2 protein chains.
Amino acid sequence: MNFSGKIGSLGEKWGNAVAHHVGEDIRSLRKTRAMTLAQLAGAAGRSVGWLSQVERGRTTPSVRDLEQLADLLGVNISFFFRSSRRAPEEQGLVLRAADRPTIGSDESGLVEELLSPTLSGSFEMIRSVFAPGASSGDPRKARPTEDGGVLISGALTMWIGGTEVHLYPGDSFQFAGAPYAWRNDGSEPAVVIWVVSPPIY
Amino acid sequence: MNFSGKIGSLGEKWGNAVAHHVGEDIRSLRKTRAMTLAQLAGAAGRSVGWLSQVERGRTTPSVRDLEQLADLLGVNISFFFRSSRRAPEEQGLVLRAADRPTIGSDESGLVEELLSPTLSGSFEMIRSVFAPGASSGDPRKARPTEDGGVLISGALTMWIGGTEVHLYPGDSFQFAGAPYAWRNDGSEPAVVIWVVSPPIY
DNA sequence: AAATGAAAAAATCATTAGATTTTTCATTTT
DNA sequence: AAAATGAAAAATCTAATGATTTTTTCATTT
């Protein structure tokens, strides 16, 4: 079957897709951090009205302002430009492997990349790579989220709310609001496609 | 680090974990099909009170009854026993690769396996394999769900709400309530880890 | 022990009012 | 000309209420 609306054809107008997306990103990041317009605007030394307009793409923040906001939201400013080289139709819909931003995770031995092309969904997909020999610290406090995942490769031991399980490729798990910990006893990295709902990043 | 509560040790009491899980499964399946106790009980020729008790594990349905219910809910009766050989602590938390049930998907060229160990979560994880050369029919009507996925291997062309995208390994997508269609123009199966929220199975 | 039927309890749903947050927009500033 | 402000208007969120539906409980029968 043939689909219409093929993207990426030459002569496509690019528009100010980035400027528009930046606003949505800021809004989503602000929401997951439970901040109001007033709080973020205040911290950034700008007015509520201005931030509202920025988030809705009605006005464009200066690079200086964006840098400031990124800082307050705990992301690198480059995060906002992760898909800028892609066609506008694709933005927010697809995230190419090469564009995945590395996120959060101050833990060593764990690299997390965002798979979700949008931050405004009801869940978030993440690719986590657990280094051989690495482990989380103590079980982290339970988050008010539901987590799930599939082990793509390697092996991983997880401790979830009192139960220890050894995961092998293809095994999947899911739990809600339980504390958990992990440990990679294997000799190769463990790759997990992880799902969190609602989004936390 | 060492975790406590290791499972699978010998001498563990097995309990009636299956009977208990069956009830929860029935309830979840019934919910996703938007049926009330009265509707399902009526169709099964049983009382509301009885079904309520079955779903909460207070009473055990006969195999004949369970067969009947499975039929009305559109699943194979074996579905209820998918993790029965596993330790009870693991049930509802982990789903082993070998235990994954094949689900729905009347479409040829598409095999879907359930990854979620529980049906009562806020999202569902599915492993979809799209056969080489296969394609969906017309774009299916949009569901009131949010869908996302990652292409693990192979290549897949998707048409999502008017936009056609070519996906390669590692690419991810996410969309809410849009009609979509797919086509595998490649020569190898395309494997996608798919997420649907809320659960539809 | 399973199954029923009916009463009791609980959960769901639609309103509504109040409070908070966000948007709009006329005006000022850069 | 576009960015930024500040205040009014609109929209969103919360909590409470009552009506309705659904589910649970439980005494009784199969």
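This structure is a prediction, so every number in the text was calculated from the model and none was measured. Just so it is clear, the values below take in all heavy atoms, side chains as well, and ignore hydrogens, waters and symmetry mates. Just so it is clear: chains get the letters A, B, ... in the order the sequence lines come, proteins before strands, and each one is counted from 1.
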Please determine whether a side-chain nitrogen of the Lys or Arg among [X] and [Y] lies less than 4.0 Å from a carboxylate oxygen of the Asp or Glu.
X: A:Asp25; Y: A:Arg82; result: yes
X: B:Arg30; Y: B:Glu55; result: yes
X: B:Glu164; Y: B:Arg183; result: yes

Using a 4.0 Å heavy-atom cut-off, does [X] contact any base of the nucleic acid, only the sugar-phosphate backbone, or nothing at all?
X: A:Gln53; value: base
X: A:Ser52; value: base
X: A:Arg46; value: sugar-phosphate

Atom [atom1] of [X] and atom [atom2] of [N]: how far apart are they, to the nearest Å?
X: B:Leu66; N: C:dA2; atom1: CG; atom2: C1'; value: 15 Å
X: B:Ile26; N: D:dT23; atom1: CD1; atom2: P; value: 14 Å
X: B:Asp65; N: C:dA1; atom1: CG; atom2: P; value: 18 Å
X: A:Met35; N: C:dT22; atom1: CE; atom2: C1'; value: 16 Å
X: B:Glu55; N: D:dT24; atom1: CD; atom2: C1'; value: 12 Å
X: A:Leu40; N: D:dA4; atom1: CG; atom2: P; value: 14 Å
X: A:Leu37; N: D:dT5; atom1: CG; atom2: P; value: 13 Å
X: A:Trp50; N: D:dA3; atom1: CH2; atom2: P; value: 11 Å

Between [X] and [N], is there a side-chain N or O to OP1/OP2 distance below 4.0 Å?
X: B:Lys31; N: D:dT23; result: yes
X: B:Ser47; N: C:dG5; result: no
X: A:Arg30; N: C:dT22; result: yes
X: B:Arg58; N: D:dT25; result: yes
X: B:Arg56; N: D:dT25; result: yes

- Note on the structure: When rounded to the nearest 0.5 Å, the distance separating OG of B:Ser52 from CZ of B:Arg46 is 15.5 Å

- Item | Backbone N/O of B:Glu188 and side chain of B:Asn184: donor-acceptor pair under 3.5 Å | yes

- Now, which nucleotide makes the Watson-Crick or G-U wobble pair with D:dA27, with each of the two distances under 3.5 Å? C:dT4

- Note on the structure: By the Watson-Crick or G-U definition, both distances under 3.5 Å, C:dT29 is matched with D:dA2

- Query: Among the nucleotides C:dT22, D:dT5, C:dT24, which one has an atom lying closest to any side-chain atom of A:Thr36?
  - Reply: C:dT22

